[in-house]
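Below is one structure; the comments refer to it alone.
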Amino acid sequence: MAGCCAVLYAFLFEYDTPRIVLIRSRKVGLMNRMVQLLILAYVIGWVFVWEKGYQETDSVVSSVTTKAKGVTMTNTSKLGFRIWDVADYVIPAQEENSLFIMTNLIITMNQTQGLCPEIPDKTTTCKSDANCAAGSSGTHSNGVATGRCVPFNETLKTCEVAAWCPVEDDAQVPKPAFLKAAENFTLLVKNNIWYPKFNFSKRNILPNITTAYLKTCTYDAKTDPFCPIFRLGTIVANAGHNFQDMAVEGGIMGIQIKWDCNLDRAASHCLPRYSFRRLDTRDVDHNVSPGYNFRFAKYYKDQTGAEYRTLIKAYGIRFDIIVFGKAGKFDIIPTMINVGSGLALLGVATVLCDVIVLYCMKKRYYYREKKYKYVEDYEQGLGSEVDQ
Amino acid sequence: MAGCCAVLYAFLFEYDTPRIVLIRSRKVGLMNRMVQLLILAYVIGWVFVWEKGYQETDSVVSSVTTKAKGVTMTNTSKLGFRIWDVADYVIPAQEENSLFIMTNLIITMNQTQGLCPEIPDKTTTCKSDANCAAGSSGTHSNGVATGRCVPFNETLKTCEVAAWCPVEDDAQVPKPAFLKAAENFTLLVKNNIWYPKFNFSKRNILPNITTAYLKTCTYDAKTDPFCPIFRLGTIVANAGHNFQDMAVEGGIMGIQIKWDCNLDRAASHCLPRYSFRRLDTRDVDHNVSPGYNFRFAKYYKDQTGAEYRTLIKAYGIRFDIIVFGKAGKFDIIPTMINVGSGLALLGVATVLCDVIVLYCMKKRYYYREKKYKYVEDYEQGLGSEVDQ
Amino acid sequence: MAGCCAVLYAFLFEYDTPRIVLIRSRKVGLMNRMVQLLILAYVIGWVFVWEKGYQETDSVVSSVTTKAKGVTMTNTSKLGFRIWDVADYVIPAQEENSLFIMTNLIITMNQTQGLCPEIPDKTTTCKSDANCAAGSSGTHSNGVATGRCVPFNETLKTCEVAAWCPVEDDAQVPKPAFLKAAENFTLLVKNNIWYPKFNFSKRNILPNITTAYLKTCTYDAKTDPFCPIFRLGTIVANAGHNFQDMAVEGGIMGIQIKWDCNLDRAASHCLPRYSFRRLDTRDVDHNVSPGYNFRFAKYYKDQTGAEYRTLIKAYGIRFDIIVFGKAGKFDIIPTMINVGSGLALLGVATVLCDVIVLYCMKKRYYYREKKYKYVEDYEQGLGSEVDQ
């Protein structure tokens with residue numbers, strides 16, 4: 001036959017298989033099977049069953065809405081008797097994945113643009129105009145210094161600033177928190193998740209939840225683990241913190257919703273798991289810059305059209321809804337990758353046993369004679385060939 | 001030669017290769033090649049070409065800005081003739097990945113802190129003071145009960161509350177939606193994406209889009225698939241819902257921007273794909289807690305300095321811009337992993353054919369004699385050696 | 001022994017190992033070891049040491065709070081002398097992962113609901129009522145057209161609209177930026193990250209940062225790379241842009257915090273890396289729709305209870321805090337996958353050397369005789385057996 005037809009014929013119609021030495025030894029045989037069994041147990045047990053190595057995974061895409069409910073009243077000399085409802089303490093009224101509830105505040109009313117003395121501290125107390133640099137404003141200033149040193153009260157003099165006057169005095173944070181009753185407010189969290197790769201979506205208000213149940217339930221880790229209405233005090237307590245402590249200087253609470261779904265099972269098994277974690281502080285020893293606060297103002301105009309405002313330094317708890325999770329579904333590629341790797345690992349059993357048989361056992365020279373066939377380089381002559 | 005030099009010499013200068021039995025059988029040879037071809041086709045065709053198994057992937061990091069445009073007017077007895085523009089219906093004025101457009105509202109004007117009767121319902125109607133528990137406030141209360149039962153109108157009496165008075169009556173949601181013309185408003189979405197691993201970034205306003213085009217275009221799935229200006233009604237319709245229905249109680253619409261990019265190709269092939277999905281409700285049968293609304297207030301002060309407010313329960317559609325996607329680029333590691341797994345899988349062909357040749361074919365005993373060499377344990381004597 | 005006991009005995013107590021031909025050739029032996037060494041170097045060096053192929057990875061879950069500080073003053077004929085502090089230029093006062101700082105604005109004061117002429121442009125100038133379509137409102141209209149053509153000033157006539165009057169004239173953006181001193185404002189970013197798979201969390205305010213240091217430090221890439229207080233001008237400069245240019249029309253700046261952590265090392269090695277990138281524009285040539293702005297209003301009521309407002313078109317820089325990163329920790333599964341793939345790749349060395357030995361070298365026919373044992377089909381007779 002012509003050259004390349006012969007090669008093709010050989011390629012297609014010949015089957016090559018390695019020649020094997022079968023050593024009948026109970027010790028070695030058993031050891032070999034045990035190592036192979038261990039590898040198989042690892043591949044099947046851990047990789048496939050435990051870690052679900054046969055599945056393709058996808059990350060969650062999520063959308064969240066929140067709604068707070070609760071009313072409280074306060075009675076102080078400064079503000080008088082006052083009711084606080086949702087429009088008063090949720091700032092801003094609407095956000096995407098979080099909700100801020102004001103629990104404490106420092107309120108400075110009727111501020112107008114003008115000139116007034118700064119609040120006394122290390123950098124602002126002065127004796128004469130020389131101590132105040134005109135036009136400067138430090139990082140913690142309320143305004144721009146005019147350069148004059150003016151009386152703050154009978155005893156102290158501070159640098160005068162152009163600012164919204166009177167300036168805010170935030171030295172004393174009210175303790176206990178002003179809106180301490182916020183502990184009993186409730187928060188409804190509605191969460192819709194989607195796994196794009198598998199086109200699977202679900203809401204955290206599960207199909208079996210009725211309107212009647214939703215009107216009265218409150219989340220409890222044991223009795224109502226799927227009720228999406230959370231009492232604020234419970235959220236903080238579940239994270240291991242005290243609400244009243246946290247309410248004074250504010251903080252950030254994470255409401256974590258974990259959606260780990262095995263989409264090879266029914267959709268009803270894909271359920272949200274709620275957990276709570278305080279996000280703003282790591283440990284007591286390194287408690288630098290604790291709490292959470294920001295300033296906002298309500299603007300008004302008087303009869304003359306002049307603008308004045310109420311400045312509020314709001315301390316409170318921001319609840320961040322953190323949704324995460326993975327879905328898994330059977331897919332041929334990760335399965336094959338793991339099967340392929342598993343097969344390659346089985347080769348380790350052979351390598352290991354070879355080492356023992358050919359180098360460690362008493363009969364190793366005998367076995368080597370059976371396994372190996374030594375071939376010298378051709379030029380060194382046929383006479384040196386050792387063949388067995 | 002000394003012991004370990006000999007071992008080193010053997011290690012470096014000897015080449016070991018398995019001894020092979022070449023069986024000339026058309027049937028087995030062909031079957032072997034076919035199994036190997038199937039495995040090769042799977043590895044090359046599916047793993048490498050279809051699933052791009054030679055690529056490293058990275059998830060998108062995104063930034064979004066939005067801007068709504070549109071004006072409408074309403075004429076009611078309560079509010080009179082009124083124009084609504086962007087500053088009136090987008091609340092809050094600026095958010096990171098979403099935009100809320102108010103489409104319906106319940107407005108309670110001139111609320112002041114005071115005492116007034118609650119809105120009548122199952123829990124608030126009363127006959128005498130005994131029915132009202134002082135200091136309590138239910139989950140759906142507008143204020144804190146004083147303990148008195150006062151007339152709500154000529155026929156009904158309800159518990160008196162300390163609250164922002166008069167309390168809001170949200171029993172009747174306006175139908176059709178108050179700002180129904182919002183269907184024609186437009187939304188410009190600007191999105192910048194970045195794949196950190198490959199340091200590749202791109203905007204959804206593509207390089208070929210001119211200012212003139214941007215001033216007049218509107219997104220259409222067929223004619224203008226890359227125009228980033230969306231008409232609100234079109235967004236809702238593309239998700240399979242009716243805008244006017246949705247506008248009454250509000251809802252959440254997801255504008256999904258998918259960036260799946262193959263960075264082995266030119267950057268111009270990396271394009272955004274827009275899709276739309278309603279996020280707030282799963283199905284009609286389980287439609288608990290539908291829609292989306294929140295309350296906010298505008299605060300004013302009268303001449304005496306007393307504060308009063310307008311409470312607005314805003315129903316509307318929140319448009320969440322959800323950006324997701326993966327970029328892939330050739331990388332040696334996933335390539336090698338898949339090549340390695342593929343090579344290991346080729347071994348399956350040999351295992352399979354071995355089983356057929358040595359256990360199923362007519363000539364199996366003959367082939368076994370050729371493949372195997374039985375070696376007994378040494379002690380059992382040289383006489384039992386069967387060698388071929 | 002009974003049939004299946006024999007099979008079981010054979011299975012458990014026999015050990016099979018391939019028969020090997022050991023070719024003593026320096027050339028081939030050395031080449032084989034070199035190819036194996038290359039493969040080993042790739043697997044150990046690149047896959048395991050460089051790419052950390054022995055680690056399981058997890059993506060970061062993050063929570064961010066921001067706080068701006070800074071005061072500036074302006075003096076214009078329209079607004080007079082005015083101080084701007086945090087409550088004035090941060091809008092809205094609180095957001096989850098970003099912060100908007102107004103740097104420039106167009107202010108339209110004392111707008112009331114009414115009828116007034118539109119701002120003149122191509123679509124609004126008119127000669128008679130016929131040019132104005134009643135009830136229409138274009139995409140860029142300030143209101144709904146009444147159908148009348150009224151004088152805008154002595155020379156021009158424009159279509160009359162029902163709108164908040166007087167309408168806003170945003171043709172001229174103030175240049176330089178109105179609040180240009182915002183360049184010196186500072187931004188404190190507090191970031192808490194968590195890797196759920198490894199239950200590892202950390203703050204960007206590192207354990208060694210004291211309150212005293214935090215009160216005075218400012219981020220610098222070389223001297224203070226872990227101070228979380230950023231000067232706005234520095235952020236923009238580090239991204240390669242000019243703050244004053246950006247402040248005129250606004251823009252989006254990304255503050256990227258990268259947490260790549262090797263959790264096999266001590267937690268103190270897990271540190272945040274800050275980088276800055278401008279997100280809103282790609283290149284000068286394709287600079288369509290630059291900058292970032294939005295409109296918001298402050299609402300007031302006069303003595304009669306009639307509502308009026310101040311409309312502000314706010315241009316400014318939105319700082320998006322983008323937190324990303326991966327943590328890696330040793331895990332047996334990715335290790336085994338890569339070990340398995342590596343072992344399979346070692347087989348490539350044998351394949352390659354076989355090809356050279358059996359097809360390229362001078363002594364190839366001799367080596368082939370040693371390696372292969374040809375077995376014809378049984379029927380073709382024992383006589384054709386060639387055995388070596």
Side-chain angles (χ1 to χ4, degrees), chain A residues 11-25 59 61 63 65 67 69 71-73 81-83 85-88 92-96 110 186 188 190 192 194 196 201-203 205 207 209-211 214 298 300 303 332-333 336-337 339-341 343-344 363 366-367 370 372-373, chain B residues 18-26 28-30 32-33 47 51 91-92 95-98 100 113 137 139 141 143-144 162-164 252 254 279-280 282 286 288-289 292 294-297 299-301 303 311 320 322 324 337 341-342 344-345 347 350 353-354 371-378:
Chain A
F11 180 75
L12 284 180
F13 298 124
E14 278 175 7
Y15 168 64
D16 54 86
T17 176
R19 295 178 72 184
I20 304 289
V21 170
L22 263 177
I23 297 172
R24 286 198 179 112
S25 161
S59 299
V61 171
S63 169
T65 72
K67 196 169 199 187
K69 273 205 190 302
V71 178
T72 186
M73 60 186 183
F81 175 86
R82 196 187 156 92
I83 287 286
D85 67 6
V86 171
D88 295 321
Q94 188 267 118
E95 281 184 275
E96 198 191 353
N110 300 326
T186 58
L188 163 65
K190 296 201 276 189
N192 175 297
W194 180 50
S201 67
K202 193 160 184 178
R203 285 175 88 196
I205 297 184
I209 288 179
T210 63
T211 315
L214 204 64
K298 296 184 199 174
Y300 310 97
Q303 293 151 276
I332 197 75
I333 302 218
M336 286 295 154
I337 286 179
V339 165
S341 309
L343 286 180
K363 300 180 219 75
Y366 176 64
Y367 291 139
K370 296 301 160 200
Y372 291 108
K373 173 174 175 162
Chain B
R19 296 177 72 184
I20 304 291
V21 170
L22 263 177
I23 297 171
R24 285 198 179 113
S25 160
R26 282 187 208 157
V28 183
L30 213 61
N32 180 42
R33 295 302 174 203
V47 177
E51 296 273 343
I91 300 138
E95 282 183 275
E96 199 191 352
N97 286 323
S98 68
F100 175 81
Q113 294 265 345
S137 81
T139 328
S141 300
V144 179
W164 284 94
I252 320 273
L279 300 179
D280 62 309
R282 258 216 75 184
H286 298 119
V288 169
S289 184
Y292 180 56
F294 62 94
R295 290 178 178 82
F296 71 98
Y299 295 84
Y300 311 95
K301 277 196 177 179
Q303 292 152 275
L311 179 68
D320 285 352
I322 300 172
F324 62 101
I337 286 181
S341 309
L345 281 176
T350 303
C353 290
D354 265 1
K371 183 176 164 80
Y372 291 109
K373 172 174 176 166
Y374 291 89
V375 171
E376 305 293 331
D377 263 349
Y378 190 63

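Bear in mind that the values here come from a model prediction, so they are computed numbers and not experimental data. Numbered from 1 within each chain, the chains take letters A, B, ... in sequence-line order.
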When you measure from the side chain of Tyr300(A) to the backbone of Tyr299(B), do you find a donor-acceptor pair of N or O atoms at a distance under 3.5 Å? no
Any residue meeting side chain to side chain contact (heavy atoms under 4.5 Å, CB included) with Ser98(B), in chain and number order, not counting sequence neighbours: Glu96(A), Glu95(B), Arg318(B), Asp320(B)
Considering all heavy atoms of both residues, which atom of Ser63(A) and which atom of Ile252(B) are nearest to each other, and what is their separation? OG-CG2, 3.9 Å
For each of Gly143(B), Pro18(B), Gly254(B), tally heavy-atom pairs with chain A at distances under 4.5 Å, and name the one with the top tally. Gly143(B)
Heavy-atom pair with the smallest gap, counting every atom of Val71(A) and Ser141(B): CG2-O, 3.6 Å
Do you know which two heavy atoms are closest between Trp164(B) and Arg82(A), and how far apart they sit? CZ2-NH2, 3.6 Å
Here the pair of heavy atoms bringing Ile333(A) nearest to Glu51(B) is CD1-CG, 3.2 Å
What do you reckon, is CE of Met73(A) surrounded by more than 12 foreign heavy atoms closer than 6.0 Å? no
Applying a strict 4.5 Å limit to non-hydrogen atoms, the region of Val61(A) in contact with chain B is side chain
Minimum heavy-atom distance Ile83(A)-Gln113(B), with the two atoms named: N-OE1, 2.6 Å
Pick from Thr17(A), Leu12(A), Thr72(A) with the largest number of heavy-atom pairs that fall under 4.5 Å of chain B: Thr17(A)
For Glu14(A), side-chain hydrogen bond (donor to acceptor under 3.5 Å, both in side chains) partners two or more places apart: Arg24(B)
Is Ile322(B) close to chain A through its backbone or its side chain, or both, or neither, when contacts mean heavy atoms under 4.5 Å? side chain
Taking atom CZ of Arg33(B) and atom OH of Tyr15(A), what is their separation to the nearest 0.5 Å? 10.0 Å
Select one option (side chain, backbone, both, neither) describing which atoms of Leu22(B) are under 4.5 Å from chain A's heavy atoms. both
Less than 4.5 Å apart, any side-chain heavy atom of Phe296(B) and any of Gln94(A)? no
Enter the distance from Leu279(B):CG to Arg203(A):CZ here, rounded to the nearest 0.5 Å. 10.5 Å
Specify the closest pair of heavy atoms between Lys301(B) and Asn110(A), including all atoms of both residues, with the distance to one decimal. NZ-OD1, 3.6 Å
Could you give the distance from CG (Leu30(B)) to CZ (Phe11(A)), rounded to the nearest 0.5 Å? 10.5 Å
